[in-house]
Amino acid sequence: MNKTLAKKIVISVACFLIICYLAFLFYNANFSMVQTQTVALSSYADSIYSTGYVVRNETLITNETQGIVSYEFDDGGKVAKGGTVATIYKTESDATAHKEMAKLESEIAKLKKTNLASHTMATGIDSINSQLTQKIADLLRNVNRGDFYNLKSNREDLLYLINERMIVTGEVVNYNKRIETLEKQRDEIAKSCGEAVATVTSPVAGYFVSYTDGYEGAFAYKNAASMSLDTVNKMLKEKPKAAAGNVIGKVISDLNWYIACPVSADETLELSTSYSNVQVNMPYATTGSVPVKIAAVNQKDKNADAALILECNYMSPGIASLRNETVKIDLKTYKGLRIQKSALHDDYVEKAIENEDGTTKSEKKKVQGVYIVQGNQLKFKQVSILFAGEDFILCDPQPEDGVLFNGTTIEMYDKIVTEGADLYDGKVVKL
């Protein structure tokens, strides 16, 4: 390679590099770099944290007969006044045998009911498929919530619908052979087991629970709404009393029960009449929120700490076991479009106003809002703030008429600018 050719190559490369550098300077001078956040729907609860003492109307159930106790209800099951809550058997094998017989009887009854579908054909396949879809959704929902108590009924409902579908579609004619087999099993068990020696009934109607915690009757249920702060603190420190040896469970009567919580004087200011209905979460005891009503806020004077009394009429096996629990009281839940506070700016928005003569004029107003990226340009939009946290805000996606100057605000999936210099409406940017 001669010197002339080498010199031309060096000059060409140098010129190319200079052009690239100039293009880079021009691009950065005309296109500003920004960072963005995609808008998403979120929620936030304004909450109070405390420890709650649960007060229920509880009646202890006792058994005076020697033998094996076999419960007729799962915990949380409803029992009528005078209804049998437990059966007493002489031996463990007798109790087990009768449980198995009851299970077989239940399956036989369901199969006989399913057989009716082969005669009436009253249930359409579309209806069954719809019910199956719903029951599967219920099952998945309960699994996600950790609500394993309802899984048994979910399974039974699904099994019944699957059997009914097989009848309606003609995959099976009937379940007579299966019924006959189950009846033989039941009869064989009946031949070898002893009968019950006694039954235990409930003196009141309510929800049956097979265990006690020693706090039953520690505080009078009828006085729950008037509990003072001193009483609440005392009950939270109270040690349980051992139940008598003949106690086999309890019945929770009266639909309403109470949670008594100590709260500070400052927190009582948040408990205004607008918060008469709130949500309570007990993270170590239940998997979801429990709707409650504020029954009373008992304090000596307006500047004193108080006893917050919450009233609830929702019952489940998990709730039936509550006593002293950590509680999170959600006073108000805000739901809106979440953005970082760093994205907030003040700028002008514009709207067209129609004059009486039919002409229009443009009017501007400085408002609080955010810059969003549309294509490669910035557009400023006003926001209506529902809630402001330490480093974020929740914005109303559909503010009432008159709140926004020009009726335009941010929407789901908008790209909000969170970082950038010298921002203004119409600016060309790059991500």
Side-chain angles (χ1 to χ4, degrees), residues 40-43 45 72-80 83 99-183 185-186 205-208 255 277 279-283 285-292 312-320 330 333 335-337 397-398 411-413:
L41 200 62
S42 183
S43 61
E72 299 295 323
F73 292 92
D74 292 327
D75 287 335
K78 290 183 180 180
V79 59
K99 281 284 187 184
E100 183 62 26
M101 287 168 61
K103 183 179 177 181
L104 292 171
E105 285 284 6
S106 176
E107 189 173 350
I108 290 168
K110 289 174 182 175
L111 290 175
K112 286 182 177 180
K113 181 180 176 182
T114 307
N115 270 351
L116 295 177
S118 64
H119 301 295
T120 63
M121 297 298 288
T123 306
I125 188 64
D126 290 340
S127 175
I128 295 174
N129 288 340
S130 177
Q131 292 178 69
L132 276 169
T133 301
Q134 182 60 51
K135 292 300 179 183
I136 291 171
D138 292 341
L139 174 67
L140 294 174
R141 190 179 300 111
N142 288 330
V143 170
N144 290 332
R145 290 176 178 174
D147 185 3
F148 302 115
Y149 174 76
N150 286 315
L151 291 184
K152 180 181 177 182
S153 61
N154 290 149
R155 173 189 173 278
E156 291 176 351
D157 291 342
L158 277 172
L159 181 59
Y160 175 80
L161 288 169
I162 291 171
N163 288 338
E164 187 178 32
R165 190 181 191 282
M166 292 177 72
I167 286 280
V168 172
T169 57
E171 293 184 49
V172 296
V173 177
N174 56 54
Y175 293 100
N176 290 341
K177 287 186 178 180
R178 175 61 178 166
I179 292 171
E180 184 179 343
T181 300
L182 295 175
E183 288 177 337
Q185 291 178 12
R186 177 199 61 194
Y207 297 90
F208 178 74
L255 190 59
N277 293 290
Q279 299 280 328
V280 166
N281 283 275
M282 289 165 275
T286 60
T287 56
S289 297
V290 179
V292 299
C312 183
N313 59 12
Y314 176 79
M315 183 59 66
S316 72
I319 287 176
D330 296 336
T333 300
K335 190 172 184 179
L337 301 174
Q398 295 179 318
E411 301 174 358
M412 284 274 286
Y413 311 120

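All values reported here derive from a predicted model rather than from experimental measurement.
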Residues that Glu105 engages under salt bridge (Lys or Arg N to Asp or Glu O under 4.0 Å), provided they are two or more places apart: Arg186
For Lys110, does the NZ atom have more than 12 heavy-atom neighbours from other residues, nucleotides or ligands under 6.0 Å away? yes
I'd like to check the salt bridge (Lys or Arg N to Asp or Glu O under 4.0 Å) partners of Glu180; sequence neighbours left out, ordered by chain and number. Lys184
Contacts of type side-chain contact (heavy atoms from CB on, under 4.5 Å), residue Leu132, not counting sequence neighbours: Ile128, Asn129, Leu158, Leu161, Ile162, Arg165
Results of salt bridge (Lys or Arg N to Asp or Glu O under 4.0 Å) for Glu183 - residues two or more places apart only: Lys112
With sequence neighbours excluded, tell me which residues meet side-chain hydrogen bond (donor to acceptor under 3.5 Å, both in side chains) with Gln279. none
Can you tell me how far apart CD1 (Ile108) and CE (Met101) are? Round to the nearest 0.5 Å. 10.0 Å
What residues form a side-chain contact (heavy atoms from CB on, under 4.5 Å) with Thr181, not counting sequence neighbours? Gln185
Results of side-chain contact (heavy atoms from CB on, under 4.5 Å) for Glu72 - residues two or more places apart only: Thr84, Thr87
With sequence neighbours left out, what residues match Glu100 under side-chain hydrogen bond (donor to acceptor under 3.5 Å, both in side chains)? none
Ring pair (Phe, Tyr, Trp, His ring centres under 6.0 Å) partners for Tyr207, two or more places apart: none
For Thr133, give me all partners under side-chain contact (heavy atoms from CB on, under 4.5 Å), at least two apart in sequence or on another chain. none
